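What follows is a short report on a single structure.
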Amino acid sequence: MDTAFYTDLLIPALNRGLIMSIKLIIPSGILGLMLGIVVGTLRTFGHPVLRKAANGYTAVFRGTPLVVQLFMLYFGLPNLGIYLDAYSAAVVGFILCSSAYHSEYIRGGLLSIKHGQVLAAQSMGFSTFKTMCHIIVPQAVRRALPGCGNEIIYLIKYSSLAYIITCIELTGEGKIIATRYFRFTEVFMVIGCYYLVLVTFVTAGLHKLEEKLQIPGFGTIG
Amino acid sequence: MNETLFAILEALPYLLQGALVTIGIVIGAMGLGLIMGVHMAAGQVYGNRAVRRIVGLYVWFFRGVPILVLLFLFYFGLFALIGLNLSAFSASVLVLGMTTAAYQSQIFRGAIQSLPQGQLKAARALGMSDLTAIITVILPQALRLSIPGWSNEYSIILKDSALAFVLGTSEIMARSHFVASRTYHHLPLYMTAGCLYFILTWIGVQALLKLESKVRIPGYTR
Amino acid sequence: MTQGQGPILRVENICKMLGGKKILNSVSLSLNKGELKVLIGPSGAGKSTLLQCINFLIPPDRGQVWLEGTEVQHHRKRDLYALRQQIGMIFQDFNLFDHLNALENVSIALRKVKKMGRSAARERALAQLEQVGLGDKITLYPAELSGGQKQRVSIARALAMDPKIMLLDEPTSALDPELIGEVLSVIRDLARGGMTMILATHQIGFARTLADEVLFMEDGRIIEQGPPAELLAPNARTRSRDFCSKLDELYEENL
Ligand SMILES: Nc1ncnc2c1ncn2[C@@H]1O[C@H](COP(=O)(O)OP(=O)(O)O)[C@@H](O)[C@H]1O
Ligand SMILES: [Mg+2]
């Protein structure tokens with residue numbers, strides 16, 4: 001066991017990769033969720049034409065593999081004269097794909113709210129906007145949270161696909177070293193640990209958030 | 001435009017052969033996942049502490065590490081380490097199968113736990129052993145309830161199978177990338193690949209819906 | 001305000017089509033301050049639709065609503081919201097906000113619609129909940145309350161807005177028999193306190209003792225109206241009387 005391989009080579013490289021991964025995950029996570037909320041709302045309350053479009057969007061991005069989407073963005077768009085660097089292509093791909101999945105949970109959350117809630121609010125003089133803000137969204141968010149949280153976990157893991165389109169993040173940095181020194185088992189074990197820590201950490205955080213927002217009658221966590 | 005169409009038509013038979021490989025991976029992985037998942041679920045619900053612990057750890061690991069990392073870890077590392085010399089295809093099936101086993105076990109576990117306690121009690125009261133009761137009474141009900149979750153898992157594994165191309169498995173993604181790099185018709189070829197995945201998802205989901213209604217127990221609503 | 005002797009609420013010629021069917025066929029009614037009018041009639045007669053047309057939760061196709069002598073311009077959003085603040089509504093299935101506890105259910109409209117301060121709204125809500133006998137349940141969520149308690153919270157929620165009129169749509173129909181009493185007693189107190197109300201109900205006995213007037217509705221029209229003593233007298237030959245004795249029979253069978 002040579003510790004130098006780890007301390008001098010592997011760990012610094014993986015840490016560098018981790019930072020890149022985080023740079024991919026955070027904007028994709030936030031923007032993906034925001035776009036997902038928009039798409040989910042359109043799919044539920046939108047004008048019929050917009051609703052159709054948003055449904056089609058969701059079907060396409062949920063029905064095809066993320067790699068295919070990334071390849072289209074990175075290798076395919078140049079056919080149309082559009083050039084994205086690897087990082088941008090990855091982030092755009094992650095945002096588009098995860099928003100499609102988020103929209104599904106948002107839609108479910110919105111649909112789960114009974115019409116009576118709206119009637120009761122309006123009977124007291126709530127405007128449509130206020131009904132949305134104070135009654136519908138707080139309930140829909142709670143219903144959608146477990147699903148959206150799961151989607152964030154998926155995003156963390158699928159951020160590893162960025163390496164395939166040459167955006168070298170955690171998995172990519174590891175792959176380079178593993179190939180050069182031919183030490184696959186150790187290197188990928190360590191990479192696995194990085195992801196496990198990341199995923200476990202975020203899962204716990206999301207659980208805490210769910211617990212904090214927990215209300216009787218909104219399902220139990222466990 | 002015509003040139004593009006021609007390129008797609010020319011590549012289509014080649015891509016369709018890739019679709020057969022993809023189907024092979026998915027069937028293999030889903031089958032392996034089914035067998036492992038059922039056992040793990042039973043272990044997690046009815047097993048002793050040690051069994052529950054081990055299953056829990058397995059699930060935590062395979063759900064926390066990206067598929068891409070698992071593919072590299074097992075194909076280049078662990079399989080070789082234990083003297084297994086596998087083809088890329090077999091390795092893809094095994095890794096995807098072990099991964100979906102973790103997810104499937106949780107689908108089955110949820111289904112088993114959603115059954116009323118009285119079912120097992122009634123079976124025991126008839127003198128059945130626990131094993132017989134699980135096989136003849138619990139699983140037939142739990143598996144039926146699991147079909148929607150299983151259908152979801154199918155479409156996820158189908159899309160994940162596109163990652164097998166990083167090991168050199170010659171499935172849809174690998175073939176479309178190969179042709180694309182030859183002909184420079186990247187976008188059209190990846191779109192074709194996307195369509196193939198879309199169609200395969202649709203066929204599988206429809207088939208499982210058929211299955212669900214075919215094995216439905218009259219009057220049975222959880 | 002000087003509205004003289006005129007009615008506090010006047011509804012004229014309300015018509016409503018839904019799903020190609022005439023649900024309300026030119027319904028008119030008026031309500032004086034402090035009056036309790038009871039709306040009875042078979043299911044599907046249009047009682048809920050009528051009540052919801054009065055505060056424009058369902059916009060009527062035709063007809064006018066006057067509140068304190070002023071015609072409501074429901075196309076003006078501001079007027080509409082103002083109207084609804086002055087008309088409290090109680091729903092058959094409560095419609096408490098599921099994500100808010102009892103106290104927040106009562107205070108949210110005070111804060112967000114009436115723009116009351118947090119502590120003032122809280123105090124008002126607390127007083128209102130105490131009035132309906134729920135002072136010790138304020139932190140419970142709807143999922144933790146019994147049906148009767150839910151309906152009392154919803155009454156407190158409506159009362160907190162200081163409405164001039166209350167519309168109650170079968171407030172006890174979704175309740176188990178043993179819980180009906182607690183809600184009726186709150187409504188009785190309101191009536192005795194002089195609240196102006198329209199109450200749709202199947203509780204005929206209750207209606208008989210408290211109502212100033214009974215409105216009998218069928219097929220989207222009010223076909224009979226008058227004091228309960230006249231309309232529901234044992235020897236009265238009215239549709240209302242028939243309907244009520246059928247309800248009474250049903251009630252006795254179930255006992
Ligand atoms: N949105 C709607 N579309 C079509 N028909 C409706 C709608 N809402 C109510 N109705 C019909 O209107 C009639 C009156 O309903 P309602 O006012 O709820 O009656 P009540 O409260 O007296 O039982 C019923 O026949 C009902 O089926
Ligand atoms: Mg009704």
Side-chain angles (χ1 to χ4, degrees), chain A residues 33 37 40-41 44-45 47-48 105-149 206-222, chain C residues 48 51-52 54-59 74 77-102 104-115 139-145 150 153-154 157-163 166-169 174:
Chain A
L33 181 60
I37 291 174
T41 311
T44 321
F45 300 125
H47 182 273
Y105 300 113
I106 300 292
R107 191 175 118 83
L110 290 172
L111 284 178
S112 76
I113 294 162
K114 287 161 285 169
H115 186 57
Q117 299 284 308
V118 178
L119 285 183
Q122 297 195 329
S123 79
M124 289 189 295
F126 278 73
S127 64
T128 310
F129 181 73
K130 279 181 182 161
T131 308
M132 211 64 192
C133 286
H134 302 299
I135 308 300
I136 297 183
V137 170
Q139 294 189 29
V141 163
R142 285 186 170 83
R143 294 248 156 79
L145 188 64
C148 290
L206 287 167
H207 217 76
K208 271 265 148 56
L209 184 66
E210 253 178 79
E211 229 162 63
K212 226 180 108 142
L213 296 176
Q214 166 71 4
I215 281 177
F218 275 77
T220 47
I221 49 173
Chain C
S48 301
L51 292 180
Q52 294 191 25
I54 293 175
N55 62 0
F56 299 95
L57 286 181
I58 299 175
H74 70 274
K77 287 258 145 85
R78 207 166 284 277
D79 284 11
L80 179 62
Y81 301 148
L83 167 85
R84 287 176 178 165
Q85 289 175 50
Q86 300 174 65
I87 301 183
M89 178 162 245
I90 303 300
F91 300 88
Q92 181 174 340
D93 42 7
F94 329 125
N95 291 339
L96 288 188
F97 301 130
D98 294 324
H99 65 305
L100 302 175
N101 68 26
E104 292 162 340
N105 255 288
V106 180
S107 62
I108 184 152
L110 295 177
R111 289 180 45 210
K112 303 300 176 188
V113 179
K114 290 214 153 174
K115 310 275 181 209
T139 59
L140 296 185
Y141 284 89
E144 300 170 306
L145 296 169
K150 278 188 225 183
V153 172
S154 96
R157 177 173 73 175
L159 288 176
M161 301 292 285
D162 283 324
M166 292 270 279
L167 308 175
L168 301 95
D169 188 3

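Everything quoted here is computed from the prediction, not taken from an experiment.
- The interface of residues 111-119 of chain A with chain C, defined by heavy-atom distances below 4.5 Å, comprises A:K114, A:G116, A:Q117, A:L119.
- Residue A:I215 holds its CD1 atom at 9.0 Å from CG of C:D98, rounded to the nearest 0.5 Å.
- Residues A:M124 and C:Q85 have side chains not in contact (no heavy-atom distance under 4.5 Å, counting atoms from C-beta outward).
- Between C:Y81 and A:F126, the closest heavy-atom pair is CE2-O, 3.7 Å.
- The contact between C:F97 and chain A is made by backbone and side chain atoms together, counting heavy-atom distances below 4.5 Å.
- Between C:H99 and A:P138, the closest heavy-atom pair is CD2-CB, 3.4 Å.
- If you measure heavy-atom distances from C:Y141 to chain A, the contacts under 4.5 Å come from the side chain alone.
- In terms of heavy atoms, C:L57 sits closest to A:Q122 at CD2-CB, 3.5 Å.
- With a threshold of 4.5 angstrom between heavy atoms, C:Q86 does not approach chain A through any atom at all.
- Interface residue C:I108: backbone and side-chain heavy atoms are both found under 4.5 Å from chain A.
- Proximity to chain A (any heavy atom under 4.5 Å) is shown, for C:L140, by neither the backbone nor the side chain.
- For chain A, no part of C:D93 is nearby; none of its heavy atoms comes within less than 4.5 Å.
- Judged by distance alone, the side chain of C:K112 and the main-chain N or O of A:K130 form no donor-acceptor pair under 3.5 Å.
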